[in-house]
Amino acid sequence: MDSNVNNFVINIATANGTGSQSSNLVILHTMFEMGIPVSGKNLFPSNISGLPTWFIIRASEAGYQAPGDKTDIQIVMNKDTWEKDITNLESGTIIIFNEDAKLPVDRDDCFAFGMPMTKMARKINPKMAKLMANMYYVGGLAHILGIDSNDILKAVKSQFKGKEKAIEMNMQAINEGIAYASENWDIKSDFKAESRPKDSDTFLIEGNEATALGTIYGGINMLSWYPITPSSSVAEGIIKWLPELRTAKDGGTTCAVIQAEDELAAAGMVLGAGWAGGRGMTCTSGPGISLMSEFIGLSYFAEVPGVIWDVNRVGPSTGLPTRTQQGDLSMLYEASHGDTQHIVLIPGNVDECFEFGWKAFDLAERYQTMVFGFSDLDLGMNRWPTKGFKYPESEMDRGKLIRNQQELDAVPNYGRYRDVDGDGIPYRTLPGSGIDPILYRGTGHDEDGVYSEDPIVYQKTMKRLKKKIDGARDNLPSPILREEENKELGIIFYGSMENSITEIDDILESKGFSVSTCRIRALPYHSELESFISRHDISVVLEMNRDGQLYGILRKELPTQLLKKLHSVAYSDGMPPRARLYSEKIISVLEELK
Amino acid sequence: MDSNVNNFVINIATANGTGSQSSNLVILHTMFEMGIPVSGKNLFPSNISGLPTWFIIRASEAGYQAPGDKTDIQIVMNKDTWEKDITNLESGTIIIFNEDAKLPVDRDDCFAFGMPMTKMARKINPKMAKLMANMYYVGGLAHILGIDSNDILKAVKSQFKGKEKAIEMNMQAINEGIAYASENWDIKSDFKAESRPKDSDTFLIEGNEATALGTIYGGINMLSWYPITPSSSVAEGIIKWLPELRTAKDGGTTCAVIQAEDELAAAGMVLGAGWAGGRGMTCTSGPGISLMSEFIGLSYFAEVPGVIWDVNRVGPSTGLPTRTQQGDLSMLYEASHGDTQHIVLIPGNVDECFEFGWKAFDLAERYQTMVFGFSDLDLGMNRWPTKGFKYPESEMDRGKLIRNQQELDAVPNYGRYRDVDGDGIPYRTLPGSGIDPILYRGTGHDEDGVYSEDPIVYQKTMKRLKKKIDGARDNLPSPILREEENKELGIIFYGSMENSITEIDDILESKGFSVSTCRIRALPYHSELESFISRHDISVVLEMNRDGQLYGILRKELPTQLLKKLHSVAYSDGMPPRARLYSEKIISVLEELK
Amino acid sequence: MCPGCGHDQISNVIIQAAWENGLPPEGIAKMSGIGCSSKTPAYFLGKSHGFNTVHGRMPSVTTGANMVNKDLTFIAVSGDGDTASIGMGQFVHAIRRNLNMVYIIENNGVYGLTKGQYSATVEKGSKKKKGAVNTQNPIDLCAMALNLGCSFVARSFSGSKKQLTALLRAAISHKGMAVIDVISPCVTFANNDESYRSYNYVKENDEVLHIVDYISHYSPIEEVDIPEGQFKEIELFDGSKIILETIGSNHDTTDVVSALTAVHEAERNDKHVTGLLYYNGEIPTTTETLGLTNAPLCSLNEEEGRPSEESLIEVNQRFRSS
Amino acid sequence: MCPGCGHDQISNVIIQAAWENGLPPEGIAKMSGIGCSSKTPAYFLGKSHGFNTVHGRMPSVTTGANMVNKDLTFIAVSGDGDTASIGMGQFVHAIRRNLNMVYIIENNGVYGLTKGQYSATVEKGSKKKKGAVNTQNPIDLCAMALNLGCSFVARSFSGSKKQLTALLRAAISHKGMAVIDVISPCVTFANNDESYRSYNYVKENDEVLHIVDYISHYSPIEEVDIPEGQFKEIELFDGSKIILETIGSNHDTTDVVSALTAVHEAERNDKHVTGLLYYNGEIPTTTETLGLTNAPLCSLNEEEGRPSEESLIEVNQRFRSS
Ligand SMILES: Cc1ncc(C[n+]2csc(CCOP(=O)(O)OP(=O)(O)O)c2C)c(N)n1
Ligand SMILES: Cc1ncc(C[n+]2csc(CCOP(=O)(O)OP(=O)(O)O)c2C)c(N)n1
Ligand code: SF4
Ligand code: SF4
Ligand SMILES: [Mg+2]
Ligand SMILES: [Mg+2]
């Protein structure tokens, strides 16, 4: 991009627990309401107070949402990372710093501007000085970018809704910041924030809250959860919205929420709910999935519907709990011992977080199995634009559920595990109904659900299960294709990589490549994927992990003759994907091929 | 095979808990001591008493150890399966049945011989009649096969060592059985058991006991376990042999054994032992592996040595707990969330159960990671021949373990996670040593073991881990190759399939195929595998699961150009692999290729 | 089941109690984990749905089912391995939540199904078929439940048909978590090497002729009925003895501390105190605490289970203007 | 750590007690699970090895380490989430085994690190930043330990430096499992909405100007020293109060039932009884029970750890002739 109007990256370095998040959100929402395409990434530590935090705000006329590969304006507030924050900058960066830190800014090649933020804040309120200081950099920024104080006021007002004193004091700090900057800073920057006509439908929301709303509109009956970053806010979102949206006429709730004692219990509750005919779900992250493995296998083999929403953080093990990755995919797809295969829905934006939130239940009941939602920290915990969520287009699909004797009579030769329709999906009855009761079990069972160790019975059951899940492929969300005429290069990607793909595409096009894209939205993969790969000379599977997990799954499953066209670009360092970095990796793979 | 001398399959149908196992072992050991190549398979239910059990004994001059595809002599003792046991037989089968069951044997096309076993037994001892009845079929069989009563006496004596009364009563029953049969049965069978010169070194042992001994010779310091079929006998074997083999001079033991509260705890104890510098291990089966997933990831990321011995049973979920399968392989290889990769050792016979039993510890300490032994029920719980176990050829390999300051000083630029030698393997010090202490953790850490969320640090660590495990490939047990000149067809297989491969090979050769074989003994795979595949026109990966788990791993990892040569034959019904069935599946794949 | 197994007697009592309480079978849900004990739901109340889950995790599955169909009567069977080892966490937390269910522990001190390893409830000094003498304290699951404020805690014996039926009937009627710890001998693996009728004793000294895979037949222990406040020595199948004491009518079933004291005292005197130890019908159950709507959640239809389209428009609008 | 967090005070006491007991740092192993509490080993005894394991599973890792190096002094730190929820099973079983370790629970009634959800030890009626009023019984970890026959059980308060140091020194000297449950307020999340200095109260009524990500600074509670047998009301940072009682010198530390009674009684009176509740130095530890050789197993050399070649020849031979 040539122009610096609405094209810049701001990086704000603070420590967590100091309240800087409020200031950062004021900046983000101000620009958003001005109609500037803007995105924010919160890089926070796995600790409650005192450790370094960075907030990255990117304005981009092209609508790029990746964090950007370089910083244009750096705000330094944190003594602990002060030196590193400053030395790593490229020449020409604008630096705004808190003079009261009394630390040096030795970068003659940059444009550094100080402000005695704490001292100024102390005048407004001595007790709250440390906290208030953050509002001064908002002022400084506003000056540099030419943001009008009135635009900020709107964002402050909506953030501190109704708290007049807070609004007043914060605005005072911000205005003092603007004033100080215009008096003391000698700036020749052409970075500018300019108002644009704003689509009044659009608003920002975190992926996890979108998911929460989706599940509520999906008729969730039971949420069991065990707190874990970055999934907790899915549960907290549900808890927040339930009273308003899911209170029955008698005043009771239509969704039970249980904070479980651990993830094993949370998964068990999901199975219990599904077995009894309800819509149960849990949300977790990688370590939770590992702990839920045994129950996932039970769900697969006993054919009990359930939903697990995985918000991926960096593994293995406890890993980087507050950083993002797509590292759980291969585990989700084949979780638990023995031969298994699970349905995975992969949202790429907040609209899909909502949609797959409700759809997961329909699919779980349709296929009588565990269905995963697969999101990640970047999508789940950062704010992304939507034009508003769409109401489910059809009634809840309860699948092949037999509720009464008539329905049972309509099924010829009913048996809990009999493939009456030839699609691998059997019918089921519910406890409490008195209709054709069986003892569910994770051990071998015949078509009527009776215990069996018979080799043939077992082998047939397993074959049917394979057929059942395979049959789901083309009923799952299909890939989103965007194809160029000449079918030179296809990029296959998924999930929150969506936020960087336009920019990656543009970078590659600018280097002379003609790029089609294919965003996978579910596993097992849709048949359209195969034709996409067939049509293109080369396809690259682009993902945020070390081992190329989707690539591995595709290599296993795709027809062999397609594999020579398929290549992997996998990289993960915990950061949301920067477009330049991933583009370079794609280019170097393409160059190796030459 | 044309001759019926030492070539037949006996199937003995009883109920478990009735004591028939003793009779079956008398038959097996009698033939074994006669020098007849014989194998026995116990197909028992997941229940303590009353459910059907089958014991299959196969004599084969060619040394085939698979259970055989048809039954030559059927013994029916169990009323519950009576009808099914009889109707399923091929024409011409010899049937021996207990007349006192008072059930019909309606197979005119077979040769059926009854004996009032219970009534006869009652005469010897009325209270023990039900139990003793089993010894009468031993007599009946001996008559048919022409086994000398003295040969049986030897087996009975060694089985009831020193218990004179038991020996006497059992022999009385057997001899009465022989007498009854010769007086009342009109038999024209040419199935014969003929003595052969016996290799006096050879003896039979269960794979699990071989593993137990192996770990004891591997210097195991801590066994933590939670009972689960079919792995319990690994632990019980260790417990049995420890007092004799691992009592120190002061009378104390050199291996702690803890029955853990569950598999999560068992895995945690293994990590604790490895972290503190000991050799810790646990044994389990599929459900246990699922539960251990989280700890396995910790071991990988924090680089803590440990051993988990998985004796595979049929999954998914509780599955068929007393049947065999190779269904955990893909889970073992990549267990736990995030990008992971684990070393898996795959014994194919009891000698390797012993060898990999000790070797697993060396590799775990060398690579500072979790090492799996991957056995299965068939190998683990049935008895297989060995000529005797071989003592480890070298001292225990403690890997890059720094015990004192001098050793530390010898390492330039030491840091717990620094790749000093360029092989991805760092050095480590032990708690208690006072040398370079760190706080181990499953969260991100830098080369010195200090907490870090730095993207570059994380990414480098993950790259090093990949390099470390990749580097292990060619230091793991290499594949066992047996190659034909013309390199037409290669069969790649592993584990207890070893027991059927000769017969499969012979069947295929008899159909005109020229067959080479390659037995994989570890993951990640050895480089020799690639050249094996390159050399052969076609390779088939043969395994006992539904999804072709090794095939999938190889498709992911092999160079793409080799994949067109690679095909999958995967089948699992819980039974040990019958050669004919798997051969037919191979042939039909080959035919499809034409 | 092995002939004579205590678990079978308990199954019969369950059938009896359900019948006496007039429970329609379709209103019952049978829940279990993994073990010989957990297999028993295959043998009782065949007209009820059931779920034989995974090892030690029955309570969580029951919790989920209870949340979506609170009108079912949950009768759950577990073993001492299933509950006191792998399942300890879920046992504790189901109690803490006062989940409305009957939780029967068929307690034999061993892992029956995996062939006789000690469980965590086995008494100190036990020396059984497998392994060495146990030197660890047993976990008393009644004491555990009492300590956690469980709303109904009782102990009985598989041979005490009358007492067990009465307790079970009360437990079924109870609103909340009812834990019944039932001593239920494993005739195959839980016999003492030293006692004169034990497996090993017989094997060594009498005429058992086989070394593997033989399960002796025992007759189940006949009816044991001990008047309140008294105790009796019971001889088990293997000749070993246990002393059962029925808690006195003066015992205050509303006083946790005195119940705990009774349990600990009995333990000190090598007795097992049986009967209803504690009862409190006033504690809200999980579904009450959560304020669920009255209809079972699994029965809700589209309108009841999914908010209206208007509400979503309103939600979207709210975000836009905030 | 947030400024003023009780956990920091405990870290200081650990340093102090280790020093006063003359423990060389290399002889100590610091163990923990996951949580704010479990992060603290990064901040004390930097010359000791440690292992910050996974959530709720510290006891098993400590068990394994203890088996192969029994000469280490294991000082373990856990949280109430780490122990009373996900870690309940391992907590119970480490106690049952009488593992030789010091098990400190830094008990704040919430999940600090995941931002303030209730833990299972939170008191009934609490209403905190997140979620509704808690209506469930708290799990009292001391009562739990006592009931299980734990060989050393104590309770203290993070602000009671003197008492805590004394208890910790005794715990370190104790041979066996020493559980110390330390009430350790979370200044950031464990404050009561209603109390007049709570986060929300301040946010609504005073001048806190930010809505997210602001952690107030509190000074840690200064020294609280309550004479034996007496009690005192302590005001916490948010203005809420807890009543601490120091157990009387007449308390018999060898009597489980009276310790249990004291704990339950205190609970009924909304107090927290502190001090040494139970002690028994005679119970064998896990390694003693197992009869391990005297040298730590991790120190064995080739000859000591691997049986001889002759022994294997003999083993093979035995199989051949059997
Ligand atoms: C995860 C897992 N671990 C281990 C097992 C093996 N297993 C089956 S039953 C059982 C113990 C049963 O003991 P208990 O609960 O006391 O029941 P009992 O057989 O004595 O009635 C075990 C360990 C399993 N099925 N699943
Ligand atoms: C398996 C797993 N589940 C969940 C988490 C997330 N988690 C981290 S700390 C924590 C709770 C900590 O609470 P507590 O033990 O009381 O410690 P505190 O922070 O209050 O000191 C949770 C749930 C995790 N790390 N691992
Ligand atoms: S093994 Fe024991 S618990 Fe299991 S069925 Fe037999 S007697 Fe009952
Ligand atoms: S969140 Fe609470 S427990 Fe965690 S460090 Fe802060 S005050 Fe301490
Ligand atoms: Mg039991
Ligand atoms: Mg806590």
Side-chain angles (χ1 to χ4, degrees), chain B residues 158 161 200-203 205 213 216-219 221-222 224 245-246 248 250-258 260-262 264-280 294-295 298 388-389 391-392 395-396 429-434 437-443 451, chain D residues 24-31 34 41-42 46-54 57-69 71-72 89-90 92-93 96-97 286-287 290-300 302 304-307 309 311-313 315-317 319-322:
Chain B
S158 101
K161 211 163 282 165
S200 64
D201 278 354
T202 309
F203 58 89
I205 186 170
L213 283 165
I216 286 176
Y217 281 87
N221 296 130
M222 196 233 34
S224 53
L245 295 172
R246 291 288 297 275
D250 63 3
T253 180
T254 60
C255 177
V257 177
I258 300 197
E261 56 272 32
D262 63 14
L264 291 95
M269 292 173 197
V270 170
L271 265 88
W275 171 75
R279 300 193 140 190
E294 192 193 17
F295 263 128
L298 177 61
F389 301 121
Y391 199 71
E395 290 210 343
M396 292 191 235
T429 66
L430 294 185
S433 69
I438 62 156
L439 185 65
Y440 273 62
R441 41 166 52 98
T443 39
Y451 184 78
Chain D
E26 67 270 20
I28 299 174
K30 306 177 290 183
M31 312 301 288
I34 297 282
K47 295 202 167 155
S48 303
H49 270 80
F51 201 156
N52 176 0
T53 64
V54 285
R57 318 294 177 189
M58 171 274 287
S60 63
V61 177
T62 307
T63 305
N66 196 318
M67 293 306 100
V68 308
N69 195 346
D71 291 355
L72 290 173
Q90 300 208 343
V92 165
H93 286 272
R96 178 164 184 261
R97 288 189 192 100
T286 316
T287 49
L290 295 176
L292 296 196
T293 189
N294 202 39
L297 302 185
C298 63
S299 72
L300 302 181
E302 182 81 9
E304 293 160 333
R306 167 175 279 172
E309 181 151 15
S311 73
L312 183 59
I313 294 172
V315 166
N316 281 328
Q317 211 43 50
F319 275 106
R320 285 185 187 116
S321 62
S322 80

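Chain letters run A, B, ... following the sequence lines, proteins first, then strands; residues in each count from 1.
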### Query
Can you say whether the rings of W275(B) and F51(D) are parallel (under 30°), tilted (30 to 60°) or perpendicular (over 60°)?
tilted
### Summary
Comparing A248(B), A267(B), G432(B), G251(B) against chain D, the one with the most heavy-atom pairs below 4.5 Å turns out to be G432(B)
### Top contributor to chain D interface from G388(B), G219(B), A260(B), G280(B) [non-hydrogen pairs under 4.5 Å]
G388(B)
### Query
Under a 4.5 Å heavy-atom cut-off, does chain D meet the side chain of R441(B), its backbone, both or neither?
both
### Which of E26(D), E302(D), H49(D) touches chain B most, by non-hydrogen pairs under 4.5 Å
H49(D)
### Task
Name the option with the most non-hydrogen atom pairs under 4.5 Å to chain B; the candidates are G89(D), G64(D), P41(D).
G64(D)
### Message
Tell me which of these, T63(D), V54(D), L290(D), has more heavy-atom pairs under 4.5 Å with chain B than the rest.
### Response
V54(D)
### Which portion of T253(B) sits near chain D, non-hydrogen atoms under 4.5 angstrom
both
### Message
Let's test your reading of the structure: which of G46(D), A65(D), P307(D), P59(D) forms the most heavy-atom pairs below 4.5 Å with chain B?
### Response
P307(D)
### Message
Please classify the contact of L292(D) with chain B as side chain, backbone, both or neither, using a heavy-atom distance under 4.5 Å.
### Response
both
### Query
Under a 4.5 Å heavy-atom cut-off, does chain D meet the side chain of I216(B), its backbone, both or neither?
both
### Message
Quick one: does any side-chain atom of N316(D) pair with a main-chain N or O of F389(B) as donor and acceptor, under 3.5 Å?
### Response
yes
### Query
Do you know which of D262(B), T443(B), T429(B) has the most heavy-atom pairs with chain D at a distance under 4.5 angstrom?
T429(B)
### Message
Can you tell me which portion of S321(D) sits under 4.5 Å from chain B's heavy atoms? Options are side chain, backbone, both or neither.
### Response
neither
### side-chain contact (heavy atoms from CB on, under 4.5 Å) against P25(D), all qualifying residues, sequence neighbours excluded
K47(D), S48(D)
### Summary
Greatest number of non-hydrogen atom pairs under 4.5 angstrom with chain D, of G442(B), S158(B), A256(B), falls to A256(B)
### Query
Within a reach of under 6.0 Å around CG of D201(B), are more than 12 heavy atoms found that belong to other residues, nucleotides or ligands?
yes
### Message
For S200(B), which atoms come within 4.5 Å of any heavy atom of chain D: side chain, backbone, both, or neither?
### Response
backbone
### Task
Would you mind checking which part of I205(B) comes under 4.5 Å of any heavy atom in chain D, side chain (CB onward), backbone (N, CA, C, O), both or neither?
side chain
### Message
Counting only non-hydrogen atoms closer than 4.5 Å, does M31(D) touch chain B with its backbone (N, CA, C, O), its side chain (CB onward), both, or neither?
### Response
side chain
### Task
Quick one: which of T202(B), L264(B), D250(B), L213(B) has the most heavy-atom pairs under 4.5 Å with chain D, could you say?
D250(B)
### E261(B) side chain near R96(D) side chain, heavy-atom distance below 4.5 Å
no
### Task
Using non-hydrogen atoms and a 4.5 Å limit, figure out which bit of V61(D) sits close to chain B: side chain, backbone, both or neither.
both
#### Entry: Close side-chain approach of T286(D) to M67(D), heavy-atom, < 4.5 Å
yes
### Query
Which region of F203(B), side chain (C-beta onward) or backbone (N, CA, C, O), has a non-hydrogen atom less than 4.5 Å from a non-hydrogen atom of chain D, or is it both or neither?
side chain
### Task
Using atom types as modelled and distance alone, determine if a side-chain donor or acceptor of S224(B) lies under 3.5 Å from a backbone N or O of A266(B).
yes
### Message
Please classify the contact between R97(D) and chain B as side chain, backbone, both or neither, with a heavy-atom cut-off of under 4.5 Å.
### Response
side chain
### Task
Identify, with sequence neighbours excluded, every residue that meets side-chain contact (heavy atoms from CB on, under 4.5 Å) alongside P296(D).
N69(D), D71(D), C298(D), S299(D)
### Query
Between the main-chain N or O of T254(B) and the side-chain N or O of R246(B), is there a donor-acceptor pair closer than 3.5 Å?
yes
### Query
If you count heavy-atom pairs under 4.5 Å between each of R57(D), R306(D), E304(D) and chain B, which one has the most?
R306(D)
### Message
Measuring from atom CG of L298(B) to atom CG of L271(B), what distance do you get when rounded to the nearest 0.5 angstrom?
### Response
5.0 Å
### Message
Does either side chain, that of Y217(B) or that of S311(D), offer a donor lying less than 3.5 Å from an acceptor on the other one?
### Response
yes
